[in-house]
Every structure is written in C-alpha cells, then in structure tokens.
Amino acid sequence: MLAYTLTRLVYLALVLAVMSVLVFLVTQAMPGDVASMIAGQFASKEVVDAISVKLGLDQPLIVQYGRWAAGILQGDLGRSLVLEQPIAPILMEALARSLVLAVVALVVVAVVGIALGVLAAVQRGKLADQLVSGVSYLGIALPDFFWAILLVLVFGSWLKLLPTGGYTPIAEGFLPWASHLVLPVVTLVLMLLARIARLTRSSMIDVLQTNYVKFARAKGMPESVVILRHALKNALLPTITVLAIDFGLILGGVVVIETIFSYPGMGRLLLFAIQRHDLPLIQATILIVSAAYCLANLTADLLYAFVNPKIRHGMRAS
Amino acid sequence: MPPVTLPEPAPLLDVRGLTISYGNARGTLRAASDVSFAIRPGEVMGLVGESGSGKSTIAMAILDLLGGGGRVESGEILFDGTDLRKLPPSGRRALRGDRIAAVFQDPFTSLNPALTVGRQIAEPLIQHKGFSPRQAAVRVEELLAEVGIRDPRRVAAAYPHELSGGMQQRALIATALGCEPKLLILDEPTTALDVTVEARIIELLAKLCDSHKLSALFVSHNLGIVNRICETVTVLYGGVVVETGRTGRVLSRPAHPYAKGLVAALPRITADRRHRLPSIPGTVAKLTGAPAACVFAPRCPFAEETCRSQPQAMLTNGDGSEDGVRCWKAGALAGTPWPDEEAGVSRRPTARTPTATHSAPLVEVDHLRKIYGASRSILPWLRRAGTVAVDDVSFTIGRGEVVGVVGESGSGKSTIGRALLALTEPTAGAVLFDGADLTEQVKSGNQDLRRRAQLVFQNSAASLNPRKTVGAAMDRPLVLAGREDAEERRKTVAGLLTRVGLPAAYADRYPHELSGGERQRVNIARALATDPDFVVCDEAVSALDVSVQANILNLLAELRDEMGLSYLFITHDIAVVSHIADRVLVVYGGTICEEGPIGRVLRPPYHPYTEALLSAVPRLAGDGPEAPRILLEDAVAAPGGRGCAFAARCPRKLGAVCDEQSPPVHETADGHRIACHIPLATLAERAAVFPELAGADATPG
Amino acid sequence: AGTLKVSVDSNLNTLDPAKMKGGQEYVAAYLIFNGLTIISHDMTVKPDLAERWERSDDLKTWTFYLRKGVKFHNGRELEAEDVVATIARIQDKATGSTARVNFEIVESMKALDPLTVQFQLKSPYAGFAELFGERQARIVPRDAVDTLASKPVGTGPFEFVSFAPGDRIVLKRNPAYFEPGLPKLDEVIVRILPESAAQVAALTTGELDLVWNLPLEAIDKVKADPKLKVDSVPTSTWDGVIMNNAVKPFDDPRVRKAVAMALDKQAITQIALFGNGTPTHSPIPPSHPYYNKDLKIAKGDPAGAKKLLAEAGYPNGFEVTLHTPAGRATRERLGLAVRELLKPAGITVNVQRVPFDVFLKDIEGKAGFYIDGFFSRPTIDTSVYPWYHSRGSWNTALWSYSNPKMDTLLDGARQAKSEDEAKSLYTQIQALAVEDSPGVIPYVINHINGMSAKVHGFHSHPMMFLDLRNVSVD
Amino acid sequence: MARLPDLPVSLVVGILLLAPLVVAAVAGSWLAPYPYDEMNIMSRLQPPGADFWFGTDEFGRDVFSRTLVGTGSSLVMGVAATALSLLAGVPLGLVAGYKGGRVGEAIMRAMDVLMSFPPILLGILVLAVTPPAQWKAIAAIGIVYVPQVVRLTRAITLELMQEEFITAARLRGESAAYILFHEILPNIWPPLAVEASLRVVFAILLGAALSFIGMGAQPPSSDWGLMISEARPFVEQAPWIALCPGFALATAVIGINLLGDGLRALLDPRNTGAH
Ligand SMILES: Nc1ncnc2c1ncn2[C@@H]1O[C@H](COP(=O)(O)OP(=O)(O)OP(=O)(O)O)[C@@H](O)[C@H]1O
Ligand SMILES: Nc1ncnc2c1ncn2[C@@H]1O[C@H](COP(=O)(O)OP(=O)(O)OP(=O)(O)O)[C@@H](O)[C@H]1O
Ligand SMILES: [Mg+2]
Ligand SMILES: [Mg+2]
C-alpha cells in the first residue's frame, strides 16, 4: 500500500511537471498578450513595450518558465497581472468555494445515487427499477446548463424561492449561505446522480449474482443483511472511484454551472483569467485545477485500494 | 442386510416428482423432470451426472435459491415431514443455514472478499441461534479447530484472499456446521481444489458426517469421490433420475446404460495402459418439455424403437431397497457391459514408438528457469525478486513420445509448456527443438520451426476467435504454409475435420455453435493444420465431462499412433497421465521431483509427493482395496528456496537438511529419477499404493 | 443609513483608477475616489477636490485650489503633491492608463503650495477642467500607489473594506468625508453577478437593492413589478460600425456612404437596444445642446445604397467580414442587425465573434470592418476630437479618417470663446461627419438602473457613474 | 444475422428517436419554414403559434427553423469529434496494448498527462489558443476523448492478448499486423461501438457546453448550445427560445443513449445465439 502510494505520488509529480511545461507553453501561444491587454485600446507600441519590460515579459521563455516554476515550488503562484495581487490567496478562496460546492454536491449524490442504484438493482425489472432508469435518463439527457437555466426559471423567477446566483459567506449566516448553494448543487446532482445510480445498479446486479451472495442466502441471512452487508460493500467499489473522480471534476471547476449561477469558484476564475489574458493567473489556475483533479483521481485509486481488502493486503504482502 | 427388518426410519429429505424449469426470453428449459429421491437420517447421498444434467438445479431448489428465472413447476420437497414448498419464504429462510446448510463448489468465490472469515462464519450463529457476537467468536474458533485449522484465531481474523483454497473450503464447511444442521447440501465441494487438498477435505467431510450424524446431499461428477463417502447414489441424466441405489452396487454393477457408460469411460490407473477408453457418443440432452421418450435413447447403444417412442418409468425391486432404474431393458442388460469396439484389442504399436526415443530427442530442455514479475525499477521500493515459476528443470522428449506433466496448481506446469513453445522467454536455460534454439529462432523472425510445435488449450472456448468460423480459423495455417489454391485448402480443412471426427460442414460454424467437446476437436484439428511434430496439451481434457474426456483422449492417442506426434501432456489428473503418457514428470514448486516411465513412477520407490498424489486418487468399488491415505498439509510452500521445494509439506521430512540443501537425484533403472534426501532403499520399502500394478508393467512400456 | 447592495455585471480587473477601463470599475472609482472636478448630472463641470480654479486668458495656464482639510482614508491630508503625482503616473507610459492621451497636452505642472497646483499646457484648451472629471483622473495618495489595485485608498465617500475577485467588493462609510452629512449609507456591497437573469431575480427577491446598468431585456420585467423601479438617463455612450478608411473597399467614401445609407438607425436601435437608446449622427447625443437637429436620421435606403455602390464600382455589392467582440450583447446584436440591413444593398456580411482580448489585440484598429463602442466622455471635445481629428488618438487607431476641413473645425472648437461659437462649429462638425461617414454611429445608449422602491435619492448619471452620496435605503 | 424480432427494444426506440434528427441534420435547411438567420424585427419574441411553431427569438428569427438547421451543427460536433478521437485513439491503443514496452509506456504516460486535465478545461485551453470556431471545438473535444479511447482500446487489446486464440495465432507464425488487424480488431469494435455511441453523447454535450460559453459554434449559427446560451437573458419572457433546442438536445442524447444500450445488448456475446 505504501509502495503503491509512493509510486503514484512520484507519477503525480512527474505528470504535474510535464503539465506545467505544457501549460506554460500553451498559455504563451495564446493570441494577444498581457502588455497590450494592460495598455488597453490603441495603446502605442512604446507603451506596450514599456509594460512588457516592467513585467519581465521580454525575457526568453526558459528564463520566464524557470522563474515561474521556481516560484511555484516555493509556494508562490505569482502575481495576477490584471488584478495586480498575489494569486495564491485569490485562488485559495476560489478553491475553497469550489470545495464547498463539491463536497455538498457529492454527499447528496452519493447518498441519493447509491440508494437509488440499490433500489433499482434489488427491484430489477420492476416498476422502481424502471422509474429510476427513466429518471436517470432524464438527468443525463439534458446538459447541465439547460438544467441550470430551468432551475433559475422555476425557483428563482417564478417561485422566487431561492437566490439564483452569487455566493454568501457562511459568516453572514447559515441560511443565506445554504440558500445560495441549493441551485448549483441541485444542478450538479442532476448531472451526476444518473451516473452514480446506474453504476451502482449495474455493479450491484453483478454482485447479487456472485457466489458469496448466494452463500450468504444459503446461510439464511435476511435479505436486508444480504444486500447491505454482503452485496453493497463490494458493489460500492467502482462507485467510490467514480465519486472521487467526480469530486475532482467539480473541484476542477464546473465552468458552465459556476457561470450561470455566478458562483465565484475555480471555473469562473479560470474563465475570467482567460478572457483577460492574465497569463500567470491562467497558468496557476490550470495547474491547481489539474493538480486537484489528479489528486482526486489518486485518492480514488487509493480509496479503492483501501476499501478493497484484497488490494490492501496484497500490497502489504508484496 | 440385517436379519430383523427394523422399521425404516422416515427419510429426512424426501423429494417427490420435482420438476423444475428455467424460463427466459428464448423459451423454457426443463432442467429437472419428475425427480424423486430420499435421504435417510445420517445418510449421505451422491447425485451424479454429467455437466448440465441438473444436479445443481436440484440442490438449489431444495435451498429455495434458484436464480435466473428458475421455477419449481411441481413436486414436493419434504424435509422432516414438512413440504418446504408450502412454507412462506421467511420460513424457508429460517431453515437455511440452521437446519439445512450448504457448501458450494468454488470456495474462492463463496466467501465475501470484503468481510473477515470469522465474521462470515459467525453470521448464521448470530442470526439463527441468537449468539452474541462475543459468544459467536468463541464458537467460530471451536468450529475452525474442528475442521482441522490449526490456527483458528488468525484464520478467523483473516480476509478470504489471505487463505488457500483448502482453508477457504474448510471455513465454508465450518460455517455450514455452525448451527448443527440436520442436512448438508454439498455442491461439488472439492472440484476446484487440487487432488491432495481434495483428499483431505473429503476425509474431513466423511469424518464430520459420521461424528455429527449428518445427512448430506453430495453433488459431484467424480464417481471416485462419491464412492468414497456416499452410501447411496442417484444418477441424473438430462434432468431425469435414471438410476438410484447403494453406491457399491451402482458403481460396480450399474444397471442403466448411461450409468454403465459413465463408469466405463473413467480412465483408471489400474487399467491396461494404452487401451481405448469406452466413451458415450453424442452430447447431453437439452430438455424443453416433458420427456416423450427415454432421454438417453439418442446416445444409447442398446436403444430400440420402444425406447424412442415411450417415456420410461422408474423400475424398483419392490423389496424395499433403494435400488431403482429407469430402463425397461435393465433386467435384460444386467450382465452386458458398455460396448467397447476395441475391447481387449491392444493398440498396434506404431513405427516410431519407444524405439524412437533412443535416437536424438525432439525437444531438449536444459536448466530451464523462469521468474515472473521481477522488476528493476529506479524506485527502490518497487524492486522485486519476482515469483520463481520454474526452477532449473531439464528433460527431453523423444520423437513420438508422450511425456506427461503432473503437479498441483501453480507448480509451473503451464510455464514449462509455454517455454517449450517459445511463448515465454526463459529467464535462464535453453529449449532446443530438433537441435535448434527455438527462442532464438522466433526472436530472429523465423517462424518455420515454431509451426512444428503446437498447443491445445484447456479452455476450448477462449482458444477460438469468436468472430471467425471454424473453417477460417483452420484456413490460416494453410495460407501461411504457402498453400495458394483456396479450393485445395478447403479440401484439406474438410479432411482435417473428418480426421478429428467432425462433419466437414462444421467449417461454416462459429465457435459458439459448438459443444465443448466439439470445440476441443476443432482446436486439435487447427493444431494439426500446421502439420506439427510436437503438441503441448495443457489440461486439454480437464474441463470436459468424463465421457467427452474419453473421446478426446482416444482421439489424441490415435493421432499419436498414426502420425507419430510427440506430446507434452500437462494435467493434474494422474489417472489421465497414466492412461496416455509414456513418461511422466512430477513437478512440485517449479522443480521436477520425480521423472520416469509411467510404469515405474506408479510403483515404489516413490518420491513422497508422488506417493501422496497417488494415494489421493479416488477409486471405484471394483478397483481393489483402499490404500491408507497420505494426507498433506494445506500450506503451499513458496517455491524457489534453497532446499527441497516440497520440504514444508513433506510427511516424511528428514529434518533441516530438507530445508537447506537441494535434494540429490537418485536414479533407478530406465531413466527413473527421484530427487529426494531420503535414501532410495528407504523409499523402495514403502508399500505400493496400487499393489495390483506391482507385477503388471514388468516389461517397461 | 443602511446597507446598499448593488450589482455589476462583470468582474473588476483593478481598483487602481489609473488603470481602469470598464464601466463596472468606474463604479468603484466614484465611490472610493474624487477628482479635482466632477461632472454633474447636468453634464456641467463642478468643483470637487478643487474648490475653484483659474485659467489664463490664453487658456494655457490653469491653477487649481484644493479644498482644505480633505483626508485620505488612511488619515493623511490631501496635498497638491498628490495631484502632481497622480497626473505624472497617468502620463507614465508604463502605467498604461488610457487617460494618458488626455494629459499629453500638459507641458508641466507644479505644486505651488500644499493646496495649489498649476498646469502649463502646450496649446490652449478650453475643456481642461473637465478632464479632471474623467474616470482615471482620480486623485490618489502618492505614498500608496502600489497597493491601489487590491487595497485602494482614496478620499471618496466610501472606504474600501474587502474585495473578493469574482464575488464582491465591500465598502463602508467614510466618516471623515468632506461633504457634511454625506454619505448617508453605512455600507455598500458591490456584487459581481454576470447573469442578467440572476441580477433581476436577486432584485425581485430583495437580495439586491440596485442593479447598475440593468440589462435591456429585463427592463420590462422590472417596470412591471410594483416593488421595483427603473431610472433611466440618456448618455453619450455609443456603439459604432467601424469602417477602416484605409482599407479597401472602405477607402472609397461612396462605399462608406452607401453603408450608412442602408442602415436604418431606428431599426438598429430597436434590434440592438430594444429601443433603449436614441439614434444620432455622431457621439453628440440628441439631448445635447449642440446636437444638429437639421440633419436627418438615416431611414434605410438600400436602393440608394446600391446605386452608390455601383458608382463606386461594386454593382453586385461585395462580401466582407464583420468582427464583433464576444460577450457584449448589444454590440453582437448590432452586428447581426448590420448584417441583415446590408443584405438588401447587396453587401454580404459574415459576422465573426471574437473573444474580447483577441478583439483588442488583433481587431480593433487593424481589421477593416467591426463593431466597437465607447463610453461617454466628460467633455464634448473629448467626445468628438479624438475620433474625427486626423491626429486624434482614437482616429489614428480606429478608422484613419482625415479631412483638413474637419481638423480646422475641431481645432477651432477647442478654442471657442463662447457657447454660440462652439455650437455653430459642432453643428458643422456633425454635418461633415455624416457627409464623410468614416463610420456609422447609429445611436447613443440610455443608461438604466433598476432598483428597489426602498432606495431613495438615487439618480442615474449620464456618465454611468454610480453616485451614492445622497442615497439611502429604508 | 440481424433477425428483426430479436432487436433490443432500446435499439428500436433509439433509432426511432434519432431518425427524424438525422433527417433534420441532412435536410434541415430545406425543411425549415424560414431561413434560420432571417430576422424580422416586427415579430420578435413571439410565442409559439401558427406562423412560428416554436415562436421567435429576440431578432424575430423562427426558433423552429433554427433548431431544425442547428441539428446538423450539433450532431456533427458530436459525431465528428468522436470519430476523431477514435481515429487517433484506436491505433494508439492497439499499439500500446500490443507492443507494450517503452513505446506502450510512452503512449500511456502521454495519455496520463492529457487525462490530468479535466475535459472542459482541456477544451477551453485548446480553444483559448486561437479564436474559436466550430472545427476547433470539434478538434478540442476529439483530443479530450483520445485518452479514454486509447485506454479502452489498450485494455481490450491487453485482455485479448491473454486469449488463447491469440496464442494460437502466434504459434502458427502470424505477423504482428495480422494479429492486430484480423484477430484483435474484429473483437475490439463491438465494445468500441458501444463506447463510441456513449462518447457521442458526451461529445455533443461538451460541444454544446463549449458553444454555450462562446468557444464553439459562432453566431449567427444555430447550434443548440449556442441557441440556449443566447436565449439565457430571455428565459423568462420567452422560454421557448431555450426550451426548443433544449428538448432537441435531450431527444438526441436519449436517442443515442438508447442506441448505445441497444447496441450493447445486441453485441453482448451472451446474446449471440446458443451459449
Ligand atoms: N439460470 C439459468 N437459466 C437458464 N438455464 C439454466 C440456468 N441455470 C442452469 N440452467 C440450465 O439448466 C441445466 C441444468 O443446469 P445445472 O447447473 O443444474 O447442471 P449441473 O448438473 O449442475 O452441471 P455442472 O456439472 O456443469 O454444474 C443446464 O442445461 C443449464 O444450462
Ligand atoms: N504471467 C505471469 N505473471 C506472473 N506470474 C505468473 C504468470 N504466469 C504464471 N505465474 C506464476 O507462476 C507460477 C506457475 O504458474 P503455472 O501457470 O505455470 O502453473 P500451473 O502448474 O500450470 O498451474 P495450474 O494447474 O493452476 O494451471 C504460479 O505461482 C503463477 O502464479
Ligand atoms: Mg453444477
Ligand atoms: Mg496451468
């Protein structure tokens, strides 16, 4: 387990290193440049040049990369050119907000999705199964932005029940904070629920056909024990993996949902950075988002290994 | 028979007229038709029959665990006088695991990988007997000790994958025994295990049934094992009970033609080597409705017109004994054995048999060594020594010779076979084929030599590309051999199919349209298409039913005789090896522990492992007296140590020397070698496991 | 008293006034900072930090007298040196302020004493005082310029508390504000809500008190709600169809004229602004006293346009790409309207949306045909001169229009000594602009704010400033 | 071999749902009652009615015609991107699976790097480099899904490599190319087809999302994602502008999903004849 974890961490570091080069190069290749962004409309060439020199943009690429990478290794993500502030605090704040969204959405998805999946598997072919399948089809059928718009329309504009955008720090009270989360969370849940429910259903169906479930029944265990203790524990393995990956995805910035709900998370920060051509901010955001995504994937794999005694012990043994 | 007729005790389980069918979108299939049998208290009944005959279906119906659209259509299942079918599901569940317990075939999948073994054993105790978890834990350790586990506490805390197959099966048996059930349902409880482990489990079950006065329904296709522990036996064919009676009688004097065939087709160590095995032609019946005639009639050599037009009734002696047979000709056939076309006719010796072994060998294996999974990563924690699958193995195969390889699972048999075909690169040592280094040849892109060596696989289904017709699969080797004329190739394919006993029209079929036996024939035909000199048969008959196995063994023997092929015949069934091989290698933990002509290996002196293997071979009533069994520990030693690989499990271990030094090789006559620290003379003192063989093979085969 | 929650539609890039470029940033600029002068609601220039000012007769020497006792939020008193530093910073090319061109006219400046600052101009300029009402020309403390972007310090009615990029800016009342009794509010929260639906929803639910620059689509809805109200004012903010006079086929004035002829300004105003604007000829809005009422607004004459095109050598019209900046809804609609309206004249327009940063870099000033737009300028001169004078800053970078007659008129207007003279000159300028059509300015936009009925004392500013000094909420 | 009565229900329903969309994709501009970009300022934001079946948008364009014409753009986005990812991914996956060693390792590590970007991020990154255009969106989505295709192909290849019929082919001396194309490929395409059909769904949705944030199809095109995006400010006054393409999108997604499920059932070895 430890060896496995170490190996994965080494890989992660390598991947992130390669990625940092890639991100740096791609962002450099972007059209338009910061200096003229800052200089604004119709600024003369001298102005642009002056800004370039001031920001060190006239240096060779390698020097720029080296400076940037060295900074990151020391925990310095650089300064946003447009916001003229250190990036780290801005990014961390956005990350924290995305984290809130991800955790809440994921908890709801996990609880509801797994419950629905189990229900459908146990009632396979019956009405409940068909209902779950039908509803989950609906969930994936419509893109997230469409759900988001519908939710804004219904809950915000017609029913006037919930705020349709923005974010309130929890310091301003739990209810305002929670009410701002409802719609984005519901949208995310609608998107992710179907997958989790279907996945749980299918792995549950597989597990219910295994010999050990049959043997548990042969021992006269009540159906509830068979399903919850014997089947679910094993059926959840693939679900856990997907949940962790989903977590990474949400953390990584659900650009569209954050845009529609004006939720100031990583996704909007990135879009903002791209639109303003704020290279350091783009680079830092992509790097952090990707690192978060990779870490979530890693966690998924480790979690999988940990929950699965076979792998957990297999790794200890070897 | 006791002189006084005591009133027969009422049966514990009485199955009457049980009819079960599976229904799905493609129609219904009747897996059991009008099945009746009874098990008295304290009695173990065997339920035998070939694959698909409905054995498991019946067992599951008793447990109310029929899955996948299975439905009991009619009949009664009386347990202790109550019809289980009339009980509500909760009532049946309460019986399950409490008064009726079960053990299934595959221990590897019957235990929940996510829960500790102890917890799984404790569950029924808590559920049915109201134990507290603490009480249950105490009882679990007692139970584990009772099934012969020496370290119950550790095993109870272990996860299933940390245990060997034998230990897992013991744990399952312990689970079944926990609530002191009255009836045990055992569905092939040893099929997935190695022979030596199987022997121990059977021993244990026999002992437990005795001491606990258990009744059991023992499902098996292994007649030898049934003979060992069942008082009565019920023979199933196509979902119909064709014969039932006391085990001794049924297996020594079967009355139903099918039972006759089944008994006859079994390869036996004691039988005359190289004879043709009687077999049952055709494939098992698939029933879709109530049988309108004898189910066995299409395959029965004694069948008459009436057999094909009238359903058969169960005939009993009427004397109160359990004997019954579903064949109206049973009386007339009483003395007639299963017909064997070549009975008594010894195989004609062919041009290239044993004499050829004296010329240059076809295959030479020289200090072969194979290590899997060794890695030299730059990351220090990833460096691994790897598994030693084959450790310093040398032997030769002569032209026209059949060399058998026996050994338990994981002993490196397949690895040897693959190395011989250059499918895996040896870590050390060399394989010479007809004088040339095969691995080098293949590496340098020369495939000609390799075509002369072919492989027949165990899993007949996976060895054929599901998207290619039989004809297409066989056509390719011919194309590669440079045969350009398509018409001519087609003829060759047809010829090869005929050669392996299949209609030429099968060329247009897809693999899934064939039965297992037919697929194995296609595999053989395909291997023959490159016109090889040498064929590796890796468990080529292990997955087949006895009668089909006999078929294929006969075919392989025929091909050897007619085409002068050499085989490396890999199997875990020593009886099969004794039937087909000229010489045999006994491998253990990647090393050869004994090697020699088959006749020699079956007689003392033995390597202790060979002795244990032989003593574990189950035998039928007519095969002579049972020898005392040599039971091995479950533990599997990791191969590749410095000493004797078998030392850890050896019942005759001498001491530290076995662990520390590799054993010397004793050579007796005729190339018979034994690698063991025990002096040859001491080894020779042992009594023969099969005394009847003692003088039989005086002239070396 | 109370807290006012106001929304803007886009994130703020910076809180450093010298570097500000977008309307939502100017919102912050006017809450936190002051200029020497201020453009009042009636578009006249009024004293702000400068109590009064004097100009020499040649209009080249300007002296400003600062208000006494004005304090920055950090407690330090405002001094003349701060003014000098502020303007010097704007003039510095490395700062990259868009207001730099405005102050190119300054030859030298000097703090005569702590409360007096004097400017020497290169040429006479009547509107110099108005320049200090410009958004970027907010006076900043010379010792805190480096942290302005994230932690601005000004003299304005509200003090900076916090800025969460993408989310909100929180400001609190400046207790030491120099106008007695002002501001009335305790706190202002500026929330960044890009989605118009979200803005309106938040306004209806009371989560917002005021939506700055209410999205045009939402106006009807807000009007219909009795708890809400709408306040609107004409501005001189305009969108334009830019034709690069140096690029074929727009180098031919007949082609440009044809385009102008074919565009029905009334229809365009409807399409692009849902009617919330006024058709005009030049950046001078119809509400302005100098507006030339004699000129007719184009009604759309595709036949006439065709004829002109034929004269110019395009009897079958031509095909051209029109670039629009992505994410600017009105300009996108304007682009599509142009495409439709030019079709009957035989001009095939391919509309291409370009991300804003690319637009700034590769399109603006470089492409031949695109849609652009500009905010109101504080003075009529700064609204017109840069676009029409052959040396005008925007002109050289936008459409490269050059007509000596126009130059004479504009230069004359700068030195006009009387209102009448100015008016007459600007009337001629408008006529010439229509005649030459360097580009088409179809309308000026109304600035509209939506707010809750609880908000009192708010008036939309024609410069789109958010003036909250007199505002209070119940 | 396809016997009609045996076709899975989901396959049939899927085809029935998709058929009209395919027709619309091919012949949308002929079938549309109005040109998709014709503006009519007099009848803007009209609710659905006799003249305009699904109403009009803020430019007075017929929503029905736009949705109809947009079918092509939206479907092409999904199908072309998927085709692209298959075209690049399948050979890479085959090589990585068959060759193993350094080459395989290199391919997989490259895929790891690609996969460590969340999909939409990768899409945005690719598109941010140049001004957006639909073909670039297609390329971006194609690239986003290459790693998944490579992984799947490699996994199946590796699994097949263990199959004994491959061993048999090696034993009779087949070349690597023959084994790859004649033994492995025919066994790969059924799972790939299922995968691809589901991939199309993701690609369509991702394409719509990119168009939605302005990085995909460009106006006045009537790509569904773009239509929905443009309809956002008007949802309340004129919900039909968003609903119409939304439901078209849903129909496509459900149809393709059903088709995929049906294909899976049809190609399932357990479903092919006797077994
Ligand atoms: N769930 C099922 N659905 C349909 N048919 C089934 C099902 N289970 C078993 N069968 C069929 O019922 C028949 C009897 O099967 P069963 O498993 O009882 O045989 P068996 O004698 O136990 O064979 P084996 O020795 O291979 O275990 C076979 O033809 C089998 O194909
Ligand atoms: N590809 C492989 N990678 C790693 N280890 C392997 C591999 N193949 C076999 N082994 C290991 O090598 C040892 C010998 O395996 P092999 O398959 O030769 O045994 P076998 O005697 O054929 O067993 P069985 O009877 O189960 O087929 C086992 O411990 C096995 O786990
Ligand atoms: Mg069975
Ligand atoms: Mg093997």
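This is a predicted model, so every value here is computed, not measured. Chain naming here is simple, since letters A, B, ... match the order of the sequence lines and numbering starts at 1 in each.
- For residues 115-130 of chain B, the interface with chain A (any heavy-atom pair closer than 4.5 Å) comprises L115(B), R119(B), Q120(B), E123(B), P124(B), Q127(B), H128(B), sorted by residue number.
- Both the backbone and the side chain of A102(B) have a heavy atom closer than 4.5 Å to some heavy atom of chain A.
- Residue with the most contacts toward chain A among R96(B), Q105(B), R92(B), M60(B): R96(B) (heavy-atom pairs, distance under 4.5 Å).
- Closest of all the heavy-atom pairs between S110(B) and F215(A) is O-CB, 3.6 Å.
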Could you pull out all donor-acceptor pairs under 3.5 Å where a side-chain atom in residues 101-126 of chain A meets a protein atom, sequence neighbours excluded?
none

Exercise. Take T210(A) and T109(B) through the test side-chain contact (heavy atoms from CB on, under 4.5 Å) and record every step on the way to the result.
Key: CA-CA 7 Å; T210(A) 58; T109(B) 58; over 6 Å; no
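- Heavy atoms closer than 4.5 Å to chain B are found nowhere in V213(A), neither backbone nor side chain.
- Among D98(B), T175(B), L172(B), the single residue meeting the side-chain contact (heavy atoms from CB on, under 4.5 Å) criterion with K219(A) is T175(B).
- For D106(B), there are no salt bridge (Lys or Arg N to Asp or Glu O under 4.0 Å) partners at least two apart in sequence or on another chain.
- Around atom CG of L73(A), more than 12 heavy atoms belonging to other residues, nucleotides or ligands sit under 6.0 Å away.
- Applying the salt bridge (Lys or Arg N to Asp or Glu O under 4.0 Å) criterion to R71(B), with sequence neighbours excluded, gives E73(B).
- The distance from the CG atom of L63(B) to the NZ atom of K214(A) is 9.0 Å, given to the nearest 0.5 Å.
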